[in-house]
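To start, the structure itself, in structure tokens.
A note on names: the letters A, B, ... follow the listed sequences, proteins ahead of strands, and every chain is numbered from 1. All values below were derived from every heavy atom in this structure, side-chain atoms included, with hydrogens, water molecules and symmetry-related copies excluded.
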Amino acid sequence: MLDLKFVRQNPDVVRDGAIKKHIACDVDQVLKLDSEVRKLRAESESKKAEQNKATKAIPSLQGDEKMETIKAMKALGAEQKAIESQVKSLDEELQRLLLTLPNPPAAEVPDGKDDLENVEMRSEGTIPTFDFDQRDHLELGQMHDMFDFERAARIAGSRTYFLKNAGALLELSVLRMSMDHMVAKGFSPMIVPNLVRREAMEGTAYFPGGEDQAYCTERDDLFLIGTAEVPLTSYRAGEILDMSELPTKLCGWSNCYRREAGAAGRDTRGLYRIHQFQKIEQVILCPNDEEISKQFHQEILKNSEEVLQMLELPYRVVNVCGGDLGSGQVQKFDIETWMPSRESFSETHSASRFHDFQSRRLGLRYRDAEGKVRFCHTLNNTVIASPRVLIPLIENHQQEDGSIHIPQALRPYMGGVSLLEPKKK
RNA sequence: GGAGAGAUGGCAGAGUGGCCGAAUGCGCCCGCUUGCUAAGCGGGUGAGGGUUAAACCUCCCCGGGUUCGAAUCCCGGUCUCUCCGCCA
């Protein structure tokens, strides 16, 4: 959520930002409601002040004077309540609209409508060339008996899967390897609630707007998270942190659930786009300072690149364009990993910075060196998401006979195995 | 799931209709002081809105209500604790 004061003082910045993000919103209506609310609130407060004053005198009054004052206050109280209820309903509308205003993107965000206009910043690693007919992850999975989509579909519907045997072990291994990597970087490992309240979804800016993407447990009004970012960023919500606690670096392991509404027919084969996966997410809470949060943005980007380097996978980093940014994001770098079967770099990681957009909604604050209470800046990035990452992992590392090379860094987690041999028929 | 108790400032803990944004203690900050291993003394110390600054308004878990007036009374919700049941 934007600071209402900021909107009031910089309506053009907000309008232009929304245009760059291709998000529709009504800044003028916000300004109009704001001025109405302020005017009415002033009226209500002055009546309230008068009432407070008179009401304090009542106990010391006697007889008629006392009765008169009580009578007058009864009337004044009714007037005040009437105005107050107007303020309340207008303010509710104002807050609702305020939630829909997107955070203006940074100047260095490229213009563009969707992911096709993201700008490549650099590319790392070597795209493999196979001197044999390459197999996709489905075929490799079959040779190794790693996945089962048919039975999953019968049991759980579309976009579901079983991981089995080496597939199951590979997922656990990449997750644990990544977690260890982050712990070595000073992040606190966390296993987080996968089911959260609406406030956490709103606080992290997935709602309003993303309701269609989330599974809702209607009986309990809880939501399955699409990422550990939601509970992690909400973790200290409503608190005032001590300066010494910043930066707070958290690293959460969770299952992630996505309805993939509106994606019908897209990426229907295999492990790319599925309803449930496991992910490790890194989150940083830092002081309210553009330069500091930009620095941490680079840091969390690097952490994830190192994971891909450990997995010996070729990838590129893109600067995400305005139209592909979420409502709260100021800037986002995606990491796309080379997937031979897709003949493309495809998204495996997404690193965002938010300024105080999330922390303002969450009430996530700290006391700065001068003792002033300020909103934190928040950032997050994928560390690893599986099974999507298994696609590049097994496809890039396949050998002619269908065996799969296990990267050095992963071997300790795979019981020392350096090559996965296909199951014999 | 059933029965009961509770939720107050960083923490502990008073407060059952006005003198309460809230005693007291601890913690923390500032200053003073003292030679005896650390203490003593004085002052300060929640958040949001509003104002040039003040005044002023709001907040004692959240949301309603009663009342001239609510931390305090009533209703609904959330969370915590205890006992019983169930259970990975």
Side-chain angles (χ1 to χ4, degrees), chain A residues 1-9 30-31 33-96 98-99 191-203 207 216-223 231 234-246 248 253-255 285 288 356-376:
Chain A
M1 162 169 68
L2 293 174
D3 183 1
L4 187 52
K5 248 186 232 169
F6 176 85
V7 178
R8 200 182 291 148
Q9 286 158 11
V30 168
L31 294 176
L33 281 168
D34 174 47
S35 82
E36 281 176 39
V37 166
R38 278 151 60 83
K39 182 169 149 272
L40 284 171
R41 180 167 286 151
E43 264 181 60
S44 161
E45 282 185 7
S46 80
K47 283 198 197 300
K48 189 76 192 173
E50 193 186 331
Q51 191 188 7
N52 285 346
K53 209 171 145 194
T55 233
K56 246 176 215 157
I58 285 177
S60 61
L61 297 179
Q62 296 296 325
D64 285 351
E65 196 183 5
K66 187 169 191 166
M67 297 316 292
E68 286 302 315
T69 310
I70 288 175
K71 207 174 144 199
M73 284 312 103
K74 199 165 189 160
L76 186 64
E79 281 176 47
Q80 192 271 332
K81 268 183 188 156
I83 296 173
E84 194 54 43
S85 84
Q86 275 187 71
V87 168
K88 215 186 136 198
S89 74
L90 285 174
D91 192 52
E92 270 166 17
E93 175 68 1
L94 174 61
Q95 293 306 321
R96 197 185 62 74
L98 192 58
L99 284 182
I191 291 175
V192 303
N194 288 199
L195 208 46
V196 301
R197 293 206 166 142
R198 177 177 293 276
E199 296 89 89
M201 299 300 283
E202 282 179 354
F207 291 178
C216 171
T217 67
E218 285 168 342
R219 281 177 68 171
D220 301 290
D221 202 27
L222 293 170
F223 301 86
S234 304
Y235 184 56
R236 305 297 299 272
E239 297 186 39
I240 299 177
L241 309 193
D242 191 85
M243 193 62 183
S244 65
E245 297 182 87
L246 298 183
T248 292
W253 180 324
S254 79
N255 280 284
L285 317 177
N288 195 306
D356 58 10
F357 195 84
Q358 292 181 315
S359 63
R360 199 173 281 284
R361 294 184 177 207
L362 288 166
L364 179 56
R365 298 175 294 174
Y366 68 101
R367 204 177 297 279
D368 72 10
E370 283 82 51
K372 198 167 169 258
V373 175
R374 313 188 62 190
F375 287 103
C376 298

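Looking at heavy-atom distances under 4.0 Å, Asn52(A) makes contact with sugar-phosphate atoms alone, never a base. Using a 4.0 Å heavy-atom criterion, one finds that Lys81(A) contacts the bases of the nucleic acid, with or without backbone contacts as well. Across all strands shown, Arg365(A) has heavy atoms under 4.0 Å from sugar-phosphate atoms exclusively, and none from any base.
In this structure, the nucleotide among G50(B), C79(B), G46(B) sitting nearest to the side chain of Arg197(A) is C79(B). With G69(B), G50(B), G49(B) as the candidates, the nucleotide lying closest to the side chain of Glu45(A) is G49(B). Of the candidates G50(B), A47(B), C57(B), G50(B) carries the atom nearest the Arg8(A) side chain, counting heavy atoms from C-beta on. Taking every side-chain heavy atom of Lys48(A) into account, C57(B) is the closest of C57(B), G69(B), C79(B). The side chain of Lys88(A) lies closest to G64(B), out of C79(B), G64(B), G50(B). The side chain of Val373(A) lies closest to A47(B), out of C57(B), C68(B), A47(B). Listed nucleotides: G69(B), U58(B), A47(B). Nearest to the side chain of Thr55(A): G69(B).
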Could you go through the side-chain contact (heavy atoms from CB on, under 4.5 Å) check for Glu93(A) and Glu36(A) one step at a time?
-> CA-CA 12 Å; Glu93(A) 175 68 1; Glu36(A) 281 176 39; over 6 Å; no
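Taking atom C1' on both nucleotides, A53(B) is separated from G63(B) by 36 Å, rounded to a whole Å. For the P atoms, the distance linking A14(B) with G31(B) amounts to 35 Å, nearest Å. Separating the C1' atom of G65(B) from that of G69(B) is a span of 15 Å, rounded to the nearest Å. On the C1' atoms, A47(B) is 42 Å away from C84(B), given to the nearest whole Å. Using C1' as the reference atom, C56(B) and A38(B) are 46 Å apart when rounded to the nearest Å. C81(B) and A70(B) have their C1' atoms separated by 27 Å, given to the nearest Å. Across the P atoms, A39(B) and U78(B) are found 47 Å apart, a figure rounded to whole Å. Comparing A3(B) with G18(B), their C1' atoms sit 38 Å apart, to the nearest whole Å.
Under a cut-off of 6.0 angstrom, the local environment of OH in Tyr235(A) is sparse, with at most 12 non-hydrogen atoms contributed by other residues, nucleotides or ligands.
The partner of G4(B) is C81(B), by the rule that a Watson-Crick or G-U pair needs both atom distances under 3.5 Å. Look at C28(B): its Watson-Crick or wobble partner, with both distances under 3.5 angstrom, is G44(B). Shown here, A22(B) forms no base pair; nothing in the strands shown gives a Watson-Crick or G-U wobble contact with both key distances under 3.5 Å.
Rounding to whole angstrom units, CG of residue Leu4(A) and C1' of G49(B) are separated by 11 Å. We find that CD of Glu84(A) is positioned 11 Å from P of G65(B), with the value rounded to whole Å. Here the P atom of nucleotide G77(B) and the CG atom of Asp220(A) are 15 Å apart, to the nearest Å. What separates CG of Leu241(A) from P of G10(B) is a distance of 13 Å, to the nearest Å. In this entry the distance linking CZ of Arg38(A) with C1' of G49(B) reads 10 Å, nearest Å. Look at CD on Gln62(A): it is 18 Å from P on C68(B), rounded to the nearest Å. The CZ atom of Arg374(A) sits 17 Å away from the C1' atom of G48(B) (whole-angstrom rounding).
A salt bridge is absent between Glu84(A) and Lys48(A); no separation between the charged side-chain nitrogens and carboxylate oxygens falls under 4.0 Å. A salt bridge is absent between Lys53(A) and Glu50(A); no separation between the charged side-chain nitrogens and carboxylate oxygens falls under 4.0 Å.
Nearest heavy atom pair, residue Arg360(A) against residue Met1(A), reads CD-O, 3.1 Å. In terms of heavy atoms, Ser254(A) sits closest to Asn194(A) at CB-ND2, 3.6 Å.
Between the Arg361(A) side chain and the Leu99(A) main chain, a donor and an acceptor come within less than 3.5 Å of each other.
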